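Residue numbering restarts at 1 for every chain, and letters A, B, ... go by the order of the sequence lines. Predicted, not measured: the structure shown is a model, and the values here were computed from it.
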Amino acid sequence: MPGSLGWSSRRGNPLRKKFLPLFLIVVGVVIAGLGVASGTVWKPDEVVTLTAPSTSEARYVMTAPGVLGQVSDDVTIVARAGGEAEVTLVVARVNDARGWLADTSYQEVSGVASWESLTTRLVEPVEEEPAADGENADGEAAEDAEPADDEQASEDSAEEAEQDTGPALTSSDMWFESVSGAGQVQVQLTSVEDPIVVLAGSDGDAAPELSMTWQREVTTPLLVPGIVGGGVLAVLGLLLLVVVSRPRKSQSVEAVAPSTGRSARSVRSVAPQGAEATAGASRSAARRSGRSAARASAKSATSAAPGQQPAPWDVPTTKTPTAPGSRSADFAPQPQAGAGVSQVSAASSRSMPSATSSMSSHSAPSVASAAGGQRQQFGAPSAAESAMNTAAGISARTGQMPTVGGGQSSPFPGAPQARPVENPRDGSNTGLPYGLTPEAAAMLDTGTLQAIGFTRKELRELTEKQRRPKTSGIPTVPGQQPAGGESWLPRDSQASASSWRAAWGLSHEATPTPDTRMRPGQYSHTDQDAAVVDEALARHQDSAPQQRPTGQPAYTPTPRSEGVGGVPRPSQSPTQAPRQPRQQQQPQQAPQQSPSAQPPATQPGAAPTDHDAPRPGTRRALYQSYREAAAKMDNDKNRQA
Amino acid sequence: MKNPRPALIRSTAAILALALLTACTPELPPLEVDQELVEAEFPVLTENQMASIAQTVGESLGAADAEKDPDALEDRVTGPALTIREAEYKIAKAQKSDDSLTELPSTMQSIFMTTRQTWPRTVFGVSERPQNLEAERFVIYTQESAQTNYELWGWFALFPGITVPTFAASGVGTQEISDLDETLQVSPEEAIDQYVSLLKKPAGDAKEVFETENDTFVDEISDLRKYMKDAAKQVEGTYKETIKPSGDWHALKTIDGGAVIVTSLNLSGTLKGESGAIVTPSAMEKAFLKKGTKASNALTVKRTAIVGIYVPPKEQAVKPQALGRLLKTTGASVPD
C-alpha cells in the first residue's frame with residue numbers, strides 16, 4: 001500500500017513520507033472545526049428583523065400580500081412614529097385595506113429584498129371618481145388603488161397636502177386587529193395567510209416606520225458533513241500515519257518469535273511460516289531431548305525435577321503446531337499446551353536475538369508455570385506431572401531413577417518415540433524390565449510400564465493385584481484399606497495422589513478406580529482372560545504365602561469386592577461355559593485356603609460343591625455376580641413391563 | 001507541475017470559505033402570493049366582527065334612544081332606519097313616552113354575510129326575540145363605502161308563519177344580488193314594483209305573482225285605504241294615496257338560488273274634505289306638525305315601509321312572497 005500511494009520512493013525522508021497523513025489530519029481537523037463553527041458561532045441568527053423606514057411621502061404604510069409570511073408564518077410587526085405621536089397599527093384583509101386607502105397615497109412594503117432591507121413603493125390614489133350613484137352597481141364601487149410606479153416615485157404633488165383629513169384608521173369595522181399608542185405599537189401574528197396585511201398610520205404627516213421580525217429557520221448544512229468529513233479525513237490520516245510509522249522489519253515476517261502480545265498477533269497472521277519454524281525447532285529439540293534423556297538416566301531424581309530444564313516428555317508434543325504464548329494456555333487443557341509453550345519459548349530464544357537474553361533464562365520456569373496454570377484452570381491432572389510424580393516416587397523407594405525416555409512417557413497412543421530403547425530385561429533378576437520388583441512396578445501407571453517394556457500379560461497380572469484391594473468407589477484412604485492386605489498391593493504415593501485428586505474433583509474421573517488407569521485394549525474382559533489372571537494370581541499366592549499375616553485369609557470377599565461400579569462388563573455371553581482347566585484347579589486351590597476363607601453362606605454361588613461356581617474373590621466370581629445382578633435387573637424390568 | 005501542494009491548500013481553503021459563506025446564510029425565501037387566495041370572495045366579516053358591529057350599533061341606538069337625539073344615530077343608523085328612528089323620536093317626544101320606539105335586539109341569532117369585496121356591502125341578520133315578545137327582527141346592515149362603518153339600514157318584523165329562506169353559512173358567505181341578475185324569476189326592482197302594485201291593487205294582476213297567504217301587509221294597506229276612504233266620505237272629501245319604492249334596496253342570494261330583497265317604500269296619504277271641513281290629526285300625526293299649525297280640511301300623512309321579499313330562482317315553481325314589513329308614520333303635514 002505505501003508504494004501505491006506514491007511516497008515509498010521518498011522513503012528516505014520521514015518528514016516527506018508523513019506529509020500526506022499529517023496533511024489529511026490537519027485538513028480533517030480544520031474541516032471538522034469549521035463545520036462545528038458553522039453550526040455554532042457562525043450560525044446565522046434565527047431572528048431577523050427588517051425595517052421599512054418612515055417616509056414623508058405618505059401618511060400610511062401597508063404591506064403587500066404575502067410579505068408578512070415571506071420568511072415565516074410567525075411575524076412580529078412594530079410601527080414607530082417620531083416622538084410621542086399617536087400611531088395605529090391594524091391587521092386587515094388586503095382588499096379592505098386597499099379600499100380604505102383608495103383615496104389616499106400610501107407606502108407599500110412590497111417584499112423582502114435581502115436579509116437587511118425591504119422593498120417599498122409609493123402607491124398613489126386612484127383619480128377615478130367613485131360611482132356617482134353608488135346604488136346597487138355591482139363592481140362600480142371604488143376599486144383597489146393601483147400602484148402608480150414600481151419603485152419609489154417621488155412625485156411631490158399638492159394632493160399630499162390635502163391628506164390631512166383622512167378617515168380615522170382606528171374606527172373601521174373591517175380590521176381584525178387595531179392597536180393604537182403613542183410612539184410605538186406592536187402586533188404579533190401567527191400563521192398569517194396571504195390576504196392578511198398590516199396597515200400603519202399616525203396622526204403626523206409621515207408614515208410610521210414599520211419593522212417586521214421573523215423567526216426564520218436556520219439550517220446548518222455544513223455541521224454534520226463537516227464533522228463527518230473532517231473526522232474521516234483525520235482518521236484516514238491517522239491510519240496512514242500509523243502505517244507509515246511502522247518499522248519495516250515488522251512488514252516481512254520470516255521467523256518470528258513472539259515475545260510480546262503484539263508479536264504474537266504478527267505470528268498468527270503468518271501462521272504457515274511460524275508453524276514451519278516451530279516444527280523445525282521441534283525436531284532439533286527432539287534431538288536434544290534424546291541426549292538429555294541419556295543424561296537423565298545417570299542423574300539423581302532431584303536433577304530430574306521439572307523446571308530445571310525442558311522436560312524430555314514434552315518433546316514429542318512439540319510436533320503439534322500449537323499457538324504460542326498465552327493464547328495456547330487459554331484454550332488447551334492438554335499437557336501439550338504447556339509443552340508447546342516451552343518449545344516456542346525455546347525457539348524464540350534461538351530465532352530472535354533481541355529477546356534471547358530474557359527468554360532463555362526464563363524458558364524453563366515458564367514451562368512449569370504454564371503447566372501449573374493449566375492444572376489450576378481446568379483441574380485436569382497433567383500427564384507430565386503424573387509422570388514426574390511417579391518418577392519421584394520410584395526414586396524415593398528404589399533409590400534409582402528409571403530410564404523414562406522422553407517420548408515414551410507420553411500416555412497417548414501414537415506418540416512418537418524419541419529413540420529406541422535397549423532391552424530392559426537384560427540383567428534383571430526379577431524377570432521384569434529393569435529389574436523392577438512387582439511392588440515398584442505397581443507404583444507406575446500402565447502407560448509407563450508399557451513403555452518400559454512390560455508385556456500385556458505382566459500388566460494384567462499387575463492390574464489384578466492392584467484391583468482387588470481397590471474395587472471400592474471410595475477414594476483410597478489408607479485407613480480403609482484392609483489391614484491385612486498384601487503389602488505390595490497398596491501404592492501409597494501414586495494411589496493417594498490420584499485418589500485425592502479424584503475425590504476433590506481435580507480429575508476427570510469421578511471415582512478413581514484401577515480400571516480407569518487401564519487404557520482400552522490392554523486386556524480383554526473375557527472369561528478366558530479372567531482365567532489366566534486367576535491362574536497367575538493363584539501362582540503368586542502360592543509363591544508368596546509368607547507375605548500374609550498368619551491366620552488371615554488371602555482373599556476376603558468383602559462387600560467392596562462385590563460392587564459392580566468398577567467392574568468392567570463382560571464382553572462374552574454369560575451362558576458361555578467356563579473352561580475345564582480352571583474347573584480342575586479350583587478344587588485344588590480351595591483346600592489350601594483356611595476354613596475362615598470360605599465364602600459366607602449368603603453366597604450360594606461360591607459353594608465348593610458347585611463345580612460351576614467360581615472361586616470366591618476371583619474375577620470369575622465377580623463376573624458371575626455381575627451376570628446375576630444384570631439378569632435380575634432384566635427380569636425386574638420385564639416383570640414391570 | 002512544480003509543487004501542487006500550495007495550490008491544493010489554496011484551492012481547498014477557497015472552497016471551504018466559499019462553502020461556509022454560502023451555507024451560513026440562509027436562502028432568502030421568495031415572495032410567493034397565491035393570487036387566487038387574495039382575490040377570493042370570502043365573507044367580508046367574521047362572526048365575531050359582525051357580533052361586535054351589532055353590539056356597537058345597539059349601543060349607539062341605546063345612546064340615541066336615551067336622548068332621543070337623531071344626530072346620535074348618524075354614525076350607526078342610515079337609510080329608512082334612520083328615518084323611522086327619527087320619527088319615533090318625534091313621536092316619543094310628543095307623546096312623552098317611549099312606547100313608539102321599536103325594540104331592536106342587538107344580539108343576532110343568524111347572520112347572512114355578503115362576499116362582495118367592493119362597496120356597498122350588505123349583511124342580513126335575524127335578531128333574538130324582543131323582550132316585548134314581538135316577532136324577531138330581520139335586520140339589515142350596510143357599509144356604504146370602505147371609509148365608513150357598518151350601519152343599521154333597516155329592520156322589519158316577520159309575518160306570522162313565515163320561514164326565512166336558508167342562506168349560506170356566515171363562514172361561507174353569500175353573494176350579493178344586483179339588478180342585472182337573471183337567475184331569479186323576476187329581477188329585484190321588478191319584484192319591488194310588482195309588490196307595490198299589489199299593495200295598490202290587491203285584486204290586480206300582481207295578485208297572481210305573489211304568494212299572499214301570510215302577507216298581512218297587503219291587508220293592512222287595504223284596511224288603511226278603506227279607513228281613509230270612509231273618512232273622506234264623512235267629510236265629503238277625497239283620499240289619495242301614493243306608494244312608491246324608495247329605490248334603495250339590498251338583496252342577498254339564498255342557498256336555493258333565490259334572493260331576499262329588502263327595500264323601503266314611501267307611502268303617502270292625503271285626506272281632503274270639503275271646504276270648511278276640519279281634518280283633525282291624530283296624536284301621532286301631531287308630532288310631525290309644527291307647533292301652532294291649525295287644523296284644516298286636509299292632512300297629508302307620510303309613512304315609511306320596509307319590506308322583505310323572497311324571490312325564488314327561475315327553475316322553481318313557487319311564487320315570490322313577502323317575508324315581513326315595517327310600516328311607520330314618518331311625517332305629517334297640512335297641505336296648502
Side-chain angles (χ1 to χ4, degrees), chain A residues 19 23 27 30-31 34 37-38 42-44 48 64-67 69-72 93-103 110-115 130 134-144 166-168 171-176 193-195 216-223 226, chain B residues 5 8-9 12-13 16-17 19-42 44-46 48-50 52-53 56 75 116-121 141 143-151 176-181 188-189 247-251:
Chain A
F19 172 77
F23 177 76
V27 170
V30 169
I31 288 177
L34 292 178
S38 68
W42 292 344
K43 184 180 180 181
V48 57
V67 174
Q70 184 173 358
V71 178
S72 69
R93 292 185 179 89
V94 59
N95 290 333
D96 296 343
R98 283 176 174 171
W100 193 87
L101 293 171
D103 298 332
S110 56
V112 178
S114 66
W115 290 119
E135 295 178 356
N136 308 317
D138 187 25
E140 292 179 359
E143 291 291 339
D144 297 341
S171 61
S172 177
D173 293 334
M174 299 184 294
W175 311 145
F176 292 116
E193 295 179 348
D194 288 347
R216 64 180 172 180
E217 182 181 359
V218 177
T219 60
T220 55
L222 291 182
L223 179 60
Chain B
R5 284 168 188 152
L8 178 63
I9 294 174
T12 303
L16 288 177
L20 283 175
L21 289 175
T22 304
C24 289
T25 303
E27 185 178 357
L28 187 66
L31 179 62
E32 296 178 351
V33 181
D34 189 352
Q35 205 61 33
E36 292 184 357
L37 192 62
V38 172
E39 297 175 355
E41 293 186 346
F42 290 104
V44 294
L45 296 172
T46 64
N48 291 334
Q49 285 179 305
M50 190 60 227
S52 176
I53 290 170
T56 303
D75 289 340
R116 175 184 281 182
Q117 300 300 306
T118 57
W119 289 265
R121 295 171 175 174
Y141 297 95
Q143 184 185 27
E144 295 299 323
S145 69
Q147 286 77 27
T148 60
N149 283 326
Y150 283 85
E151 297 173 297
E176 203 158 340
I177 297 296
S178 72
D179 193 47
L180 301 177
D181 192 286
E189 290 186 353
D248 187 8
W249 56 270
H250 302 275

Between the side chain of [X] and the main-chain N/O of [Y], is any donor-acceptor distance below 3.5 Å?
| X | Y | result |
| --- | --- | --- |
| Asp34(B) | Asp194(A) | no |
| Gln49(B) | Trp175(A) | yes |
| Arg216(A) | Leu28(B) | no |
| Gln147(B) | Gly99(A) | yes |

### Task
Could you look at Pro188(B) and say if it's the side chain, the backbone, both or neither that has a heavy atom under 4.5 Å from chain A?
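Nothing of Pro188(B), per the 4.5 Å heavy-atom cut-off to chain A.
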### Summary
Under 4.5 Å to a heavy atom of chain A? For Gln143(B) that would be side chain
### Summary
Rounded to the nearest 0.5 angstrom, the CZ-CG distance for Arg116(B) and Asn95(A) is 13.5 Å
### Query
Should the pair Arg121(B)-Asp96(A) be classified as a salt bridge under the 4.0 Å nitrogen-to-oxygen rule?
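Yes, this pair counts.
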Using heavy-atom distances under 4.5 Å, tell me whether [X] contacts chain B through its side chain, its backbone, both, or neither.
| X | result |
| --- | --- |
| Phe176(A) | both |
| Val48(A) | neither |
| Ala97(A) | neither |

### Query
Does some side-chain heavy atom of Leu31(B) sit less than 4.5 Å from a side-chain heavy atom of Val112(A)?
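Side chain of Val112(A) against side chain of Leu31(B), heavy atoms only: no contact under 4.5 Å found.
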### Message
Is the shortest side-chain heavy-atom distance between Asp173(A) and Ser52(B) below 4.5 Å?
### Response
no
Heavy-atom closest pair, residues [X] and [Y]:
| X | Y | value |
| --- | --- | --- |
| Pro195(A) | Leu37(B) | CG-O, 3.5 Å |
| Arg93(A) | Leu45(B) | NH1-N, 4.3 Å |
| Ser172(A) | Ala146(B) | OG-O, 4.5 Å |
| Val33(B) | Pro65(A) | CG2-O, 3.0 Å |

### chain A interface, residue from Val38(B), Thr56(B), Asn149(B) that has the most non-hydrogen pairs under 4.5 Å
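With the most close heavy-atom pairs to chain A, the winner is Asn149(B).
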### Query
Crowded around Gln35(B) CD? As in, over 12 foreign heavy atoms under 6.0 Å?
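Correct, the count exceeds 12.
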